[in-house]
2 protein chains.
Amino acid sequence: MPDLLTIGELSARSGVAPSALRYYERLGLIRADRTGGNQRRYARAELRRVAFIRISQQVGVSLDEIREALDSLPEARTPSPQDWARLSASWRSRLDERIRLLTKLRDDLDGCIGCGCLSLQRCTLNNPEDTLAGEGPGARLVLPRPTDDPTLAGALN
Amino acid sequence: MPDLLTIGELSARSGVAPSALRYYERLGLIRADRTGGNQRRYARAELRRVAFIRISQQVGVSLDEIREALDSLPEARTPSPQDWARLSASWRSRLDERIRLLTKLRDDLDGCIGCGCLSLQRCTLNNPEDTLAGEGPGARLVLPRPTDDPTLAGALN
DNA sequence: GTGTGAGTTGAAGTGGACTTCAACTCAAGG
DNA sequence: CCTTGAGTTGAAGTCCACTTCAACTCACAC
């Protein structure tokens, strides 16, 4: 027997609010069968999809990108462990990058706390990836706004 | 001479859009003098405030909290290096915590990628801080939604 | 059969952090 | 003086990820 879950059960098991689950469904991230009375019934496999969604969000991936990733799963069969492994692995570098940036920020901040400078010319915070525009006096920094995770800006004096 | 900056100059030097600078001013995060013609003129010290704001945002602090922190700066004098050091240090534990969570997520994900399980009972992803409600069968996880940085949820089977 | 808690919908609201717009005014070089 | 690029305002719009609401309908224990 399929042993289907109601939205309340899926919510309790996943820690995701029913309203969020309905929202995910609207976005095409999860799916549900319906009872004769039009209520949602989720296959247990959806639990894994929801888990993947929450993990991905933690990694900093938007629901839109998560949808794309989920779309790459086989439609016919229930995703295998390997399928999930592939998707999870695909976020790995993004996670690494986030951790790297945050760690760098911490180290830089420690250095700045030592000197109290808070992001000056001599401080790495100032120029995260050595991408300063070199023209004119004074440091400036262009934040990669579109890509989010804005590389830190800092400039003084 | 004070050597004041126009909004365009502050924007170029800080990497923050003029519209965002005006927005910060409305929220009381930065301040500006005005020319006879009502244009903003920023003291160079504001540059450090803007740097602090962007750094704080990276740490994951809201503008509202940043405002509170900035409010603790001395009103009379220009903030000293020690002032900035104190503020920067105050975010340190939050940064540590973010890094810790993200690193744990990475390790857990590596484990899950190995087995393809993706957040199951035997997987730590399932129960981030061993805070599972112990009642009934099946894992469940309550996300600390209000505090943001949602501890990961996962449940399977 | 009935009561009650769980579920349904579309539309609208929320919150954070900004951006865009229209309609002007300023500042500075030629 | 005149032009032009930079700056001003308040109001409204945007994006994301949801939540809330009202008005119903279902499912199930008793």
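A note on names: the letters A, B, ... follow the listed sequences, proteins ahead of strands, and every chain is numbered from 1. Here the structure is a predicted model, which is why all the values come from computation and not from measurement.
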Is [X] near enough to [N] that one of its side-chain N or O atoms lies under 4.0 angstrom from OP1 or OP2?
X	N	value
A:Arg26	C:dT8	no
B:Gln57	C:dC18	yes
B:Ser62	C:dA17	no
B:Arg40	D:dT9	yes
A:Arg22	D:dA17	no

Write down the distance between [atom1] ([X]) and [atom2] ([N]), rounded to a whole number of angstrom.
X	N	atom1	atom2	value
B:Arg41	D:dG7	CZ	P	8 Å
A:Tyr23	D:dT19	OH	C1'	11 Å
A:Asp64	D:dT14	CG	P	18 Å
A:Glu65	D:dC15	CD	P	16 Å
B:Leu63	C:dG15	CG	C1'	12 Å
B:Leu21	D:dA6	CG	P	16 Å
A:Glu9	C:dA6	CD	C1'	10 Å
A:Arg67	D:dA17	CZ	C1'	15 Å

Among [options], find the nucleotide with the atom closest to the side chain of [X].
X	options	result
B:Arg54	D:dT8, D:dC18, C:dC18	C:dC18
B:Gln39	D:dA17, D:dG7, D:dA27	D:dG7
B:Tyr24	C:dA17, C:dC18, D:dG7	C:dC18

>> Both A:Thr35 and A:Pro18 contact DNA chain D. Which one's nearest nucleotide lies toward the 5' end?
In response: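 Per heavy-atom nearest nucleotide, the more 5' residue is A:Pro18.
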5' precedence on DNA chain D between A:Ala17 and A:Gly37 (nearest-nucleotide basis):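 In this pair, the answer is A:Ala17.
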Has the side chain of A:Ser88 got a donor or acceptor atom that lies under 3.5 Å from a matching backbone atom of B:Leu109?
-> no
**Study point:** Parallel, tilted or perpendicular: ring planes of B:Trp84 versus B:Phe52, cut at 30 and 60 degrees
**Key:**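 Taking B:Phe52 first and then B:Trp84, their aromatic rings sit tilted (interplane angle of 30° to 60°).
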Student check: side-chain heavy atoms of B:Arg67 and B:Asp64 closer than 4.5 Å | yes
Have B:Ser93 and B:Asp96 got a donor and an acceptor in their side chains that come within less than 3.5 Å? no
How many angstroms lie between CZ in B:Arg49 and OG1 in B:Thr78, if you round to the nearest 0.5 Å?
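The CZ atom of B:Arg49 sits 10.0 Å away from the OG1 atom of B:Thr78.
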